[in-house]
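Quick caveat, the model's predicted, so the values are computed rather than measured. Hydrogens, waters and symmetry mates are skipped; everything else that's a heavy atom, side chains included, is used. A note on names: the letters A, B, ... follow the listed sequences, proteins ahead of strands, and every chain is numbered from 1.
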Amino acid sequence: MSETTKTTSASDKKLLIIDGHSMAFRAFYALPAENFATSTGQHTNAVHGFVSMLLTMIRQQKPTHVAVAFDLDTPTFRSLEYTEYKGGRNKTPEEFYGQIDLIAQVMKAMNIPSITLESFEADDILATMATRGEEAGFEVLVVSGDRDAFQLITDRTLVLYPKKGISDIPPMDAEAVETKYFVRPERYSDLAALVGETADNLPGVPGVGPKTAAKWLNLYGDLDGILENAESIKGKVGESLRAHVDNVTRNRRLNQLRHDLELPVSLEETELVAPNREEIENLFDALEFNTLRKRLFDLFAADEDEEQPEAAVFERLEAKDAGALGDFIAAGQGAPIAVQLAVTAAEAVGVALFREGKAIWLELAGLDEDSEKVLADFLADAQAPKIFHDAKLAKHRLIERGFNVAGLGDDTLISAYLIQPDRRSHELVDLVQYHLKYTVPVLKPAKKGELDLGLTADLAEPTLAQAQAIFDLSAFLAIKVAEKHAAQLAAEMELPLIDVLFDMERAGIAVSRERLDELNAHFTGQVEQATKEAYESIGHEVNLSSPKQLQVVLFEELDLPKTKKIKTGFTTDAESLQDLLVKTQHPFLVALMAYREAIKLRQTVEGLLKSIGDDGRIHTTYAQTVAATGRLSSLNPNLQNIPIRSEEGRRIRDVFIVGEGYETLLTVDYSQIEMRIMAHLSGDEGLIEAYESGEDLHRYVGSHVFGVSPAEVSSEMRSKVKAMSYGLAYGLSSFGLSKQLKISVDEARTLMKDYFARFGAVRTYLRAVVDQARKDGYTETIFGRRRYLPELNSSDRRLRDIAERAALNAPIQGSAADLLKVAMLKISQRLREGSYKSRMLLQVHDELVLEISAGELDAVQELVTHEMSQAADLLVPLDVQPGIGKSWHEAEH
DNA sequence: AGTGTAGCAA
DNA sequence: ACGTTGCTACACTG
């Protein structure tokens, strides 16, 4: 944060003059409108971006005078001369309305004059102001997104022209214009007249681009020179020029900016003075700008007090010795400290610590022994609260460096997830932009082929800024979390779970590379066999993995009946292939289906082989903030979708084995967890009775739906009610049920009717869930986890239906997820307190896999089954099923 | 690099 | 249009 402060003598005057509309538009398109709105619905993205841009410019360029020029809605001398001027532009987006006026209000509060002039454009005001400024001996900076401004460039006037968005606005000088357009700025308008300007609806000479125009200008001096010599220009372009002379002269007249206007504001009145604090406060309250307010006041406060380095929002320390670090930590007096790591090549190389107003940066490579000890003690101190963004990842990076972490005060990743579980990204940069409305610097990972120099010194500044952002975000989100009643969930479930998941990920699960290799060979053989048969059956080769090529084979060459339509034609999915097989008996289909099954399994096996770690184990990563319902997800590799349903696929579970030093694997899973939760939430007497009777659930339900005794429930009847029961939790329709069971819609409807006649409270409950969610805006699990579903009130039928099904499912799936999380926390705690060596390895939504140490099986099995079945007190018992074996397959039951 | 299709799990 | 929540692989497209 050590920006060099240019010393400017008092006599140096600098005028910053801004094209208000064009910059507001840039800001509008640079920032997503949906992220910037007040609670009353007024969009503020253009206002926010504009003010942010202005503050940055004032900070960087240090102008002594500032003014903003705006266009008026009334006609200008240009539109009067040429009615199509600036025609054909898209309509102003609705979200932009009112934002210009708000910007003008902010300018007023900042004591920056807004200049408008009847029948002239902002560009003419810029030109006039620039000329006045130059005459008075000012340096001039013109900020505009309109290229016409380039004609204003001189040795004393620069144009700041945004490349894209509002953060990248490099100054253009004469050199820059010449490099880009091959002419000096004073000839730019001539060039533009020849080329034309699409944005202003000013066609030029067809066939003439900047290159040709520049060539002519350099040849004939200026536009008049070209027009005088128009007859002597040869070829198609010469012809084109002669045919469009009118365009050119008109363009030139219109793009000539006026330098001589009578302006309502004098140069002296544009002097930059302190803002009107009260007005800013009121305005920013209404606009709900909080970080901008701080930036604004910091900026002007820094101006008043030369002592304070204005760019530094916080005081930055560099840990040169253990004393400095120790003092920094001690001075915090136990208040939370934000911790952010700088990581290169998956390795932590630096640490930024932030507490209120102060930050410290440590390079891990350069740490002396004493400092390392101070840092290690701080990180491992359970009484020293630390704030991370993604604590689990940080813990992995730190333990690899020999640092243990305890005392987790907050994790902004978790907080952000709990208040917006449907959000797809919870990356720090996005969250800071979204919630705090400022931009935090990110470290771009080196691209492929680029050398990752990993200059640690360059990491300091962005990492410190990130640590500050985490600190700010934690405070901000804590309020939101409390407002949304998620504080208890965070403190008692999600934050403690981080440590449990960290341990599971670090443990990993042992695999047999030998068995994986065997399976790989086995499935590869099947793939080859199926491929061969497929090719033979159609007489040529085809990429069996390409749905597009398969469509050609199936529906054109073989002319098989058409399947369900998809975006790219007709589906070739497994279900449709099966239908086609029944209809046509074509041998290609048999081979293709065999190919699909075998290659899928081989991919799974290959993926597992690639993820075996140096310790011979596979370490998945659990994502705690991805599934909107509260479930975990597993990635790199995904161990929550290892095949089990097909006999062939199931063999893959045999490669997951008990590790060395352990005796056996133990799996424990909930039986019918979601149906039990449905019974509990609905309070349906019939379902509760079913579970208490000890009878097989689907048999029991079937006997009531079909009016027969349990013994008389046929397997067909049983599978129907089973599909029905499970479908309910997903918002299944009679159409969907009929499709799944391959029965008529009428029959499906009858089935549902009969079902609800016996288990009516289920229907009542499901309807109530959606009603409540529509009213309150969210669904809730047994443990109070919320999922927000604003689209329940959408006018778009499709979106509303999707939201309704999500609403039906979220409390059920989410409560099941909560239950297992509670159980995992208890199990982890009891394993630790009992000093067991046995440990949890995997979680698969309703199942836990543990690795059991010699002699601990009975106790641990008892402990696990107990904690799982007692995770909550429901209206129905929670039944759990243990299994034991040397492999995951064996332990399955 | 992003999109679409497909298929595996709970 | 018609059952939820995920992850990964591949082909194909810009």
Do A:His522 and A:Glu648 pair up side chain to side chain, a donor and an acceptor below 3.5 Å, judged on atom types alone?
yes
Can you tell me the distance, in whole Å, between the CG atom of A:Asp818 and the P atom of C:dT5?
16 Å
Closest to the A:Gln740 side chain, choosing from B:dG7, C:dT5, C:dG3:
C:dG3
In sequence, state the C-alpha distance, the side-chain angles, and the governing distance for A:Asn636 and A:Thr621, and then conclude on side chain to side chain donor-acceptor pair (under 3.5 Å).
CA-CA 6 Å; A:Asn636 293 323; A:Thr621 300; 5.3 Å; no
Options C:dT5, B:dT5, B:dA9, nucleotide nearest the side-chain atoms of A:Ile644:
B:dA9
Please confirm whether the shortest side-chain N or O distance from A:Thr572 to OP1 or OP2 of B:dA6 is below 4.0 Å.
yes
Just checking A:Ala628: base, sugar-phosphate only, or nothing, at a heavy-atom cut-off of under 4.0 Å?
sugar-phosphate
Of A:Arg797 and A:His845, whose closest DNA chain C nucleotide lies nearer the 5' terminus?
A:Arg797
May I have the distance from A:Gln813 (atom CD) to C:dT4 (atom P), rounded to whole angstrom?
11 Å
I'd like to know if A:Glu791 pairs up with A:Arg800 as an ion pair, taking the criterion as any Lys NZ or Arg NE/NH1/NH2 lying under 4.0 Å from an Asp or Glu carboxylate oxygen.
no
Is there a side-chain contact between A:Gln640 and the phosphate of C:dT5, meaning an N or O under 4.0 Å from OP1 or OP2?
no
A:Tyr726 OH to B:dA9 C1', straight-line distance once rounded to whole Å
14 Å
Could you check how far CG of A:Leu732 sits from C1' of C:dT4, rounded to whole Å?
11 Å
Any side-chain N or O of A:Lys548 below 4.0 angstrom from OP1/OP2 of C:dT13?
yes
Nearest of C:dC12, C:dC7, B:dA9 to any side-chain atom of A:Val626?
C:dC7
Of the listed nucleotides C:dG3, C:dT5, B:dG4, the one nearest the side chain of A:Asn809:
C:dT5
Check whether the ring centres of A:His396 and A:Phe502 lie less than 6.0 Å apart, and answer yes or no.
yes
Would you say A:Arg645 reaches B:dG7's phosphate, i.e. side-chain N/O to OP1/OP2 under 4.0 Å?
no
From B:dG7, C:dG3, B:dT5, pick the nucleotide closest to the side chain of A:Pro547?
B:dT5
A:Asp846 side chain: which of C:dC12, B:dG7, B:dA10 is closest?
B:dA10
Using OP1 and OP2 only, check whether a side-chain N or O of A:Thr568 sits under 4.0 Å from B:dT5.
yes
For A:Arg774, is the CZ atom crowded, meaning more than 12 foreign heavy atoms sit under 6.0 Å from it?
yes
Give the rounded distance in Å between these two atoms: CD of A:Glu674 and P of C:dG3.
16 Å
Short side-chain donor-acceptor distance under 3.5 Å, A:Asp573 and A:Ser576:
yes
Aromatic A:Tyr778 / basic A:Arg786 pairing, under 6.0 angstrom, 45° off normal
yes
Looking only at side-chain atoms of A:Arg787, point me to the closest of B:dA6, C:dT4, C:dT5.
C:dT5
Taking only the side-chain heavy atoms of A:Ala627 (C-beta and beyond), determine which of B:dA6, B:dA10, C:dG6 contains the nearest atom.
C:dG6
Can you name the atoms? Protein N/O to nucleotides 8-10 of chain C N/O, anything below 3.5 Å, with the distance.
from  : atom 1 : to       : atom 2 : distance (Å)
C:dT8 : OP1    : A:Asn636 : N      : 2.7

Which nucleotide in C:dA11, C:dT5, B:dG7 has an atom nearest any side-chain atom of A:Ala806:
C:dT5
Regarding the side chain of A:Arg805, the nearest nucleotide among C:dG6, C:dC12, C:dT4 is C:dT4
Can you see whether A:Tyr788 has A:Lys484 sitting over its ring - NZ or CZ less than 6.0 Å from the centre and within 45° of the normal?
yes
